[in-house]
Amino acid sequence: MMSTTEISKMRKIVAWIIAGLLTALYLYSASGKLFLHPEQMEQMNLGDWRIIIALGEIGSALLFLFPKTNRFGTLLLSSYMGGAIIMHMTGSMSIMMPSVVLILVWAVFYLRTPDFFKMK
């Protein structure tokens, strides 16, 4: 049986791994908007906004990565993913990927700050 200390340590490790993977995903996504596939933003009529969207994505992902600013990053990424879900819905694309990513963002937030969800 695991002790509370081991669970806490395991929780932190899992949170860091998932946060790192999500941050890498967001940075890759932003680089696609900036350099790799800017035409995708044109197809969604967001070509004029692609640099601002990509910079917002980078900033939000970095705020999310670090525990001290994780709350702000979670809020910003939740808003960002809400917009992504709406864009997928209006473009008749599957909302599965942005929905799963959003759930993972909140899972990391819960793993890092479980006290946030406790009723006082």
Side-chain angles (χ1 to χ4, degrees):
M1 196 126 110
M2 295 178 105
S3 71
T4 308
T5 307
E6 289 174 322
I7 293 171
S8 178
K9 186 175 181 181
M10 181 65 78
R11 172 181 263 176
K12 286 181 181 179
I13 291 169
V14 169
W16 271 107
I17 290 170
I18 299 171
L21 291 172
L22 284 171
T23 301
L25 176 72
Y26 282 114
L27 294 177
Y28 177 74
S29 172
S31 70
K33 289 172 183 64
L34 292 172
F35 310 112
L36 303 175
H37 306 288
E39 67 278 358
Q40 287 180 344
M41 296 299 284
E42 293 290 340
Q43 291 171 352
M44 293 185 282
N45 295 321
L46 294 172
D48 294 340
W49 294 94
R50 72 181 178 85
I51 293 173
I52 293 169
I53 292 169
L55 293 176
E57 190 173 10
I58 292 167
S60 300
L62 293 175
L63 286 171
F64 172 75
L65 180 63
F66 300 107
K68 287 190 180 215
T69 57
N70 183 251
R71 291 175 189 228
F72 301 113
T74 298
L75 178 65
L76 291 170
L77 289 179
S78 295
S79 301
Y80 179 80
M81 294 313 296
I85 289 169
I86 295 297
M87 290 305 296
H88 279 237
M89 290 170 73
T90 58
S92 299
M93 298 179 276
S94 171
I95 63 167
M96 185 60 70
M97 181 65 169
S99 299
V100 169
V101 171
L102 178 58
I103 291 167
L104 287 172
V105 166
W106 278 94
V108 169
F109 183 67
Y110 174 74
L111 289 172
R112 286 184 166 171
T113 55
D115 293 339
F116 183 83
F117 297 94
K118 290 184 181 173
M119 299 294 274
K120 293 183 181 184

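Treat the numbers as computed from the prediction; the structure is a model and nothing was measured. In what follows, every heavy atom counts, from backbone to side chain, and hydrogens, waters and symmetry copies are set aside.
Put simply, the side chain of Arg11 never gets that close to the backbone of Arg112: no donor and acceptor are under 3.5 Å apart.
The two residues Leu34 and Arg50 come nearest to each other via the heavy atoms O-NH1, 3.1 Å.
In terms of hydrophobic clustering, with Ile, Leu, Val, Met, Phe, Trp and Tyr side chains grouped at heavy-atom distances under 4.5 Å, Tyr110 and Leu22 are assigned to a common cluster. Hydrophobic clustering of Ile, Leu, Val, Met, Phe, Trp and Tyr side chains at less than 4.5 Å, counting indirect connections, keeps Leu25 apart from Ile17. Side-chain heavy atoms closer than 4.5 Å link hydrophobic residues (I, L, V, M, F, W, Y) into clusters, and following such links, even through other members, never connects Ile58 to Ile53. With hydrophobic clusters built from ILVMFWY side chains whose heavy atoms lie under 4.5 angstrom apart, Met10 shares a cluster with Phe109. Phe72 and Leu27 end up in different hydrophobic clusters when Ile, Leu, Val, Met, Phe, Trp and Tyr side chains are linked at under 4.5 Å.
Counting heavy atoms from C-beta outward, Trp16 and Val108 have side chains that stay 4.5 Å or more apart.
In this structure, the separation between CG on Leu77 and CD on Glu57 is 8.0 Å, given to the nearest 0.5 Å. Met81 contributes atom CE, which lies 11.5 Å from atom OG of Ser60 (distance to the nearest 0.5 angstrom).
Ser29 and Lys33 share a side-chain donor-acceptor pair at under 3.5 Å. Looking only at atom types and distance, the side chain of Thr74 has no donor-acceptor partner in the side chain of Trp106 under 3.5 Å away.
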What donor-acceptor contacts under 3.5 angstrom involve side-chain atoms of residues 61-70, with partners at least two apart or in another chain?
from: Thr69; atom 1: OG1; to: Leu63; atom 2: O; distance (Å): 2.7
from: Thr69; atom 1: OG1; to: Phe66; atom 2: O; distance (Å): 3.4
from: Asn70; atom 1: ND2; to: Phe64; atom 2: O; distance (Å): 2.7

Do any side-chain atoms of residues 85-100 form donor-acceptor pairs under 3.5 angstrom with protein atoms, and if so which ones, sequence neighbours left out?
from: His88; atom 1: ND1; to: Ser94; atom 2: O; distance (Å): 2.8
from: Thr90; atom 1: OG1; to: Ile86; atom 2: O; distance (Å): 3.2
from: Thr90; atom 1: OG1; to: Met87; atom 2: O; distance (Å): 3.2
from: Ser94; atom 1: OG; to: Met96; atom 2: N; distance (Å): 3.1
from: Ser99; atom 1: OG; to: Ile95; atom 2: O; distance (Å): 2.6

